[in-house]
Amino acid sequence: MKYVFLNGKFVPKEEAKISIEDRGFLFGDGIYEVIRAYNGRLFRLDDHIERLFKSAEAIRLPEVYKAEEIKEYVNKLLELSDEKDVEIYIEWTRGVAPREHAFPSKSEPTFVMMLLKPHSQPPETYRKGVKIVSYPEIRWKYPYIKTVNLLPNVLAKQFAKENGAFEAIFVHEDTKIVTEGSSSNVLMVKDGKVYCHETNESILFGITLKVVMEICDKLGIDFVGEKFTYDEMIKADEVFLSGTGAEVMPVVMVDDKVIADGKPGEVTKKILAEFLRMTWREDRLKEYLGES
Ligand code: PDD
């Protein structure tokens with residue numbers, strides 16, 4: 001984790017400095033990505049870089065590097081690291097300029113990449129499942145953009161932490177529609193079908209969610225991209241989260257309500273098993289699922 005990438009150079013972390021006039025710092029005027037490497041192998045790099053460019057386009061960020069260059073830099077950063085099970089964090093802001101809300105006429109974007117310790121949990125957590133809590137949907141209209149403006153997500157995750165929960169999920173106060181988690185997507189299983197909020201501008205289209213959709217297709221499980229409410233979710237047969245950090249995480253409790261029999265469900269376990277195979281962990285199925 002010694003080196004970071006800062007505006008075209010690989011430098012030791014202590015030497016990487018960003019101006020107090022960076023618009024990422026002043027306005028949250030920037031975007032990010034989090035990519036997972038499993039034992040040195042990058043998972044879905046192309047999808048993450050494609051989404052990075054989608055976010056950049058949405059906030060009209062000037063281009064600094066081509067997608068292929070970014071992929072090369074990600075690989076180089078990983079090569080420079082002793083740690084091979086890591087998350088690669090990328091942040092791209094509108095750069096340094098005197099504080100004015102409107103875009104500066106002149107500024108070079110800031111582009112940073114660093115390695116983080118993975119947020120994934122020990123296998124036992126997947127065997128048991130987790131508790132999640134609901135939190136009011138207080139975000140803006142465009143959560144599909146992976147912006148560094150994460151204050152509602154920060155407050156929601158802190159609420160989860162203070163309530164002994166793994167994750168907080170956003171629920172609209174009026175309609176009771178469940179959108180997504182503070183850093184994950186939320187899915188439920190009902191009568192053998194997997195449901196997730198439609199992938200419109202109200203949620204981030206998770207790369208892990210995309211992988212779950214592919215797994216459902218492969219296993220012949222129906223996937224429905226449709227909104228569901230809090231009441232529908234707590235009466236579901238199974239609930240789970242997907243995300244680069246959460247991976248495929250069974251949920252057994254929402255607020256004070258136990259989901260089904262309080263154990264990870266069979267459909268979730270099938271999807272998790274396939275996810276483990278796709279992430280080069282076939283040998284660890286028993287640890288994560290408690291079965292042979
Ligand atoms: N978060 N929804 C939100 C709001 C997220 O922040 C994330 C990921 C996801 C899942 O996306 P993916 O499967 O592509 O990781 C959904 C990252 C991991 C984070 O902020 O650390």
Side-chain angles (χ1 to χ4, degrees), residues 24 28 30-38 42-55 58 74 85-92 112-121 130 132-161 166-172 177-188 194-216 223 225 227 239-249 251 271-272 274-276 278-279:
I31 55 163
Y32 78 106
E33 271 299 324
V34 183
I35 309 161
R36 180 67 201 264
Y38 293 95
L42 288 156
F43 187 58
R44 299 289 172 135
L45 177 63
D46 290 1
D47 287 330
H48 282 281
I49 302 303
E50 196 181 303
R51 190 173 62 185
L52 180 75
F53 277 88
K54 198 175 156 197
S55 298
V74 170
D85 268 299
V86 288
E87 283 176 5
I88 294 96
Y89 175 81
I90 305 179
E91 183 166 332
W92 174 1
V112 181
M113 295 199 283
M114 60 183 165
L115 301 181
L116 308 175
K117 195 169 155 289
H119 285 83
S120 49
Q121 301 298 308
V130 295
I132 61 175
V133 285
S134 55
Y135 195 80
E137 177 58 284
I138 54 172
R139 299 179 301 163
W140 71 328
K141 221 178 148 197
Y142 303 124
Y144 80 96
I145 304 170
K146 208 162 169 51
T147 148
V148 292
N149 279 278
L150 288 173
L151 192 52
N153 309 59
V154 166
L155 296 176
K157 191 75 103 190
Q158 181 62 20
F159 180 76
K161 192 176 166 187
F166 174 77
E167 175 66 302
I169 58 164
F170 293 111
V171 180
H172 280 284
I177 285 165
V178 176
T179 47
E180 62 183 331
S182 71
S183 61
S184 58
N185 289 112
V186 187
L187 301 96
M188 68 169 199
V194 174
Y195 292 79
C196 184
H197 190 289
E198 63 197 284
T199 52
N200 58 14
E201 58 192 27
S202 309
I203 67 163
L204 182 77
F205 188 176
I207 304 305
T208 323
L209 172 61
K210 189 175 171 206
V211 172
V212 167
M213 286 159 78
E214 288 170 19
I215 292 174
C216 287
F223 182 93
K227 295 183 185 75
V239 176
F240 65 100
L241 305 171
S242 70
T244 299
E247 306 194 290
V248 173
M249 177 62 80
V251 171
I271 295 170
L272 172 57
E274 195 55 33
F275 184 78
L276 291 165
M278 289 170 82
T279 50

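Heavy-atom basis, side chains included; hydrogens, waters and symmetry copies ignored. Order of listing sets the numbers, starting from 1, for every ligand and every atom in it.
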(request) Taking all non-hydrogen atoms of both residues into account, name the closest pair between N200 and Y144 and its distance. (result) O-CB, 4.0 Å

(request) Return the minimal non-hydrogen interatomic distance between Y135 and A156, and the atom names on each side. (result) CD2-CB, 3.6 Å

Examine the proximity of ligand 1 to [X] and report which part, side chain or backbone, both or neither, has a heavy atom under 4.0 Å away.
X: E87; value: neither
X: P143; value: neither
X: I207; value: both

(message) Taking 4.0 angstrom as the limit and counting only heavy atoms of G243, give me the atoms of ligand 1 inside it, by number and element.
(response) 10 (C), 13 (O), 15 (O)

(message) Within the 4.0 Å heavy-atom shell around S182, which atoms of ligand 1 are there?
(response) 4 (C), 6 (O)

Under-4.0 Å salt bridge between [X] and [Y]:
X: K161; Y: E167; answer: no
X: K146; Y: E33; answer: no
X: R36; Y: D85; answer: yes

(request) Please work out which of L116, T179, N185 has its closest non-hydrogen atom nearest to atom 10 (C) of ligand 1. (result) N185

(request) Select the closest option to atom 5 (C) of ligand 1 among G181, A156, P152, S183, judged by heavy-atom distance. (result) S183

(request) Taking the side chain as every heavy atom from C-beta outward, state whether L204 and T199 have any pair of such atoms under 4.5 Å apart. (result) no

(message) Are the side chains of I169 and V133 in contact, using a 4.5 Å heavy-atom criterion?
(response) no

(request) Could you tell me whether H48 and ligand 1 have an N or O pair separated by under 3.5 Å? (result) no

Starting from [atom], find the nearest protein heavy-atom neighbour and note its residue, name and distance.
atom: atom 15 (O) of ligand 1; answer: T244 OG1, 2.5 Å
atom: atom 19 (C) of ligand 1; answer: Y32 OH, 3.7 Å
atom: atom 11 (O) of ligand 1; answer: G206 CA, 3.4 Å
atom: atom 1 (N) of ligand 1; answer: K146 NZ, 3.2 Å
atom: atom 21 (O) of ligand 1; answer: V34 CG2, 3.7 Å
atom: atom 13 (O) of ligand 1; answer: T208 OG1, 2.6 Å
atom: atom 2 (N) of ligand 1; answer: E180 OE1, 2.6 Å

(message) With a cutoff of 4.0 Å, is F205 in contact with ligand 1, counting heavy atoms of the residue only?
(response) no

(request) Return yes when H119 approaches ligand 1 closer than 4.0 angstrom through a heavy atom, no otherwise. (result) no

(request) For E87 and H119, test the side chains for any donor-to-acceptor distance below 3.5 angstrom and give the result as yes or no. (result) yes

(message) When you compare the side chains of S202 and K141, does any donor N or O come within less than 3.5 Å of an acceptor on the partner?
(response) no

(message) Between E50 and L52 (side chain of the first, backbone of the second, donor and acceptor by atom type, cut-off under 3.5 Å), is there such a pair?
(response) no

(request) With side-chain hydrogen bond (donor to acceptor under 3.5 Å, both in side chains) as the test, would you mind laying out the steps for T208 and E247 before giving the verdict? (result) CA-CA 7 Å; T208 323; E247 306 194 290; over 6 Å; no

